[in-house]
Amino acid sequence: MSFRERVYQITANIPKGTVATYGQIAKLAGSPKAARAVGMFMKTNPFAPRVPCHRVVASDGSLTGFSAPGGVMKKKKMLLGEGVRFVGAKVDISSFWNPS
DNA sequence: AAACTGACTTCTC
DNA sequence: GGAGAAGCCAGTT
């Protein structure tokens, strides 16, 4: 399985109401520094509806990119509909961050 | 095969 | 705390 395959798999495996950072996905895919490449995969995602690329956010929780009509705002609304907490214009990644 | 690009991340000013 | 620059990875041309 190629790196991108894993990325798509992981992205599609993100639970509803949850978001993951590019770095996290890249790490799970096997390359913690490949966050950039991950973003590219999302951009060229051949599994459009299957891969919830809108659940993938930057390490800051910011919704970067998203060429879809409406822009990041639309994605924000969509995530809100899934139960994702937002802090201002960013995702509250702190809620997903598991503080031990 | 080499160079450029990009939905990133992290450090420093 | 916000803005700018450098580094890494995989893909595309």
Side-chain angles (χ1 to χ4, degrees):
Chain A
M1 182 183 284
S2 300
F3 182 74
R4 56 180 265 173
E5 293 286 313
R6 281 184 294 230
V7 173
Y8 289 133
Q9 188 109 28
I10 295 163
T11 306
N13 201 12
I14 299 174
K16 189 181 110 187
T18 310
V19 296
T21 67
Y22 295 96
Q24 190 63 65
I25 294 171
K27 185 179 178 179
L28 292 173
S31 299
K33 303 285 191 186
R36 231 170 171 173
V38 173
M40 173 185 266
F41 299 149
M42 297 301 100
K43 178 179 153 195
T44 66
N45 67 329
F47 305 87
R50 286 174 44 181
V51 176
C53 40
H54 60 270
R55 287 185 195 160
V56 184
V57 300
S59 61
D60 233 85
S62 312
L63 302 172
T64 47
F66 286 144
S67 339
V72 301
M73 271 305 190
K74 190 141 192 185
K75 305 305 179 192
K76 177 182 165 189
K77 252 179 131 175
M78 179 194 278
L79 288 169
L80 282 170
E82 294 194 348
V84 177
R85 298 182 191 180
F86 264 78
V87 180
K90 297 182 193 165
V91 178
D92 185 11
I93 50 179
S94 304
S95 300
F96 305 102
W97 193 264
N98 202 13
S100 298

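All values below were derived from every heavy atom in this structure, side-chain atoms included, with hydrogens, water molecules and symmetry-related copies excluded. First the proteins, then the strands, lettered A, B, ... as listed; each starts at 1.
- Counting heavy atoms from C-beta outward, A/Q24 and A/K27 have side chains that approach closer than 4.5 Å.
- Within the 4.0 Å cut-off from OP1 or OP2 of C/dC9, not a single side-chain nitrogen or oxygen of A/S31 is found.
- Look at CD1 on A/I25: it is 18 Å from P on C/dC9, rounded to the nearest Å.
- Taking atom CD1 on A/I93 and atom P on B/dC8, their separation rounds to 15 Å, with Å as the unit.
- Near DNA chain B, meaning a heavy atom under 4.0 Å away, there are no residues from residues 77-86 of chain A.
- With B/dA7, B/dG6, B/dT9 as the candidates, the nucleotide lying closest to the side chain of A/M42 is B/dA7.
- A pairwise comparison of heavy atoms in A/P52 and A/A12 identifies CD-CA, 3.6 Å as the closest pair.
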Are any protein N/O atoms closer than 3.5 Å to N/O atoms in nucleotides 11-13 of chain C? If there are, list each pair with its distance.
none

Check against side chain to side chain contact (heavy atoms under 4.5 Å, CB included), A/D92 and A/F86: CA-CA 5 Å; A/D92 185 11; A/F86 264 78; over 6 Å; no

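- Going from atom NZ of A/K43 over to atom P of C/dA10 covers 18 Å, rounded to whole Å.
- For A/R85, the CZ atom is loosely surrounded, since the number of other residues' heavy atoms within 6.0 Å does not exceed 12.
- Here C/dA10 is the nucleotide among B/dG6, B/dT9, C/dA10 with the atom lying nearest to any side-chain atom of A/A34.
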Between A/F96 and A/T21, does the side chain to side chain contact (heavy atoms under 4.5 Å, CB included) criterion hold? Intermediate values first, please. CA-CA 10 Å; A/F96 305 102; A/T21 67; over 6 Å; no

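- As a whole-Å value, the separation of A/E5 CD from C/dA10 C1' is 14 Å.
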May I have the step-by-step check of side chain to side chain contact (heavy atoms under 4.5 Å, CB included) for A/R6 and A/L28, ending in yes or no? CA-CA 8 Å; A/R6 281 184 294 230; A/L28 292 173; over 6 Å; no

Please walk me through it: do A/T11 and A/R55 pass side chain to side chain contact (heavy atoms under 4.5 Å, CB included)? CA-CA 8 Å; A/T11 306; A/R55 287 185 195 160; over 6 Å; no

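- With rounding to whole Å, A/K90 atom NZ is found 7 Å from C/dG2 atom P.
- Here A/F66 contributes atom CZ and A/K76 contributes atom NZ; the two are 13.5 Å apart, rounded to the nearest 0.5 Å.
- Rounding to whole angstrom units, CZ of residue A/R36 and P of B/dT9 are separated by 10 Å.
- Using a 4.5 Å cut-off between side-chain heavy atoms of Ile, Leu, Val, Met, Phe, Trp and Tyr, with links allowed through other members, A/V84 and A/L80 fall into the same hydrophobic cluster.
- Distance A/K33 NZ to C/dC9 P: 8 Å, rounded to the nearest Å.
- Between the CZ atom of A/F47 and the P atom of B/dA7 there is a distance of 21 Å, given to the nearest Å.
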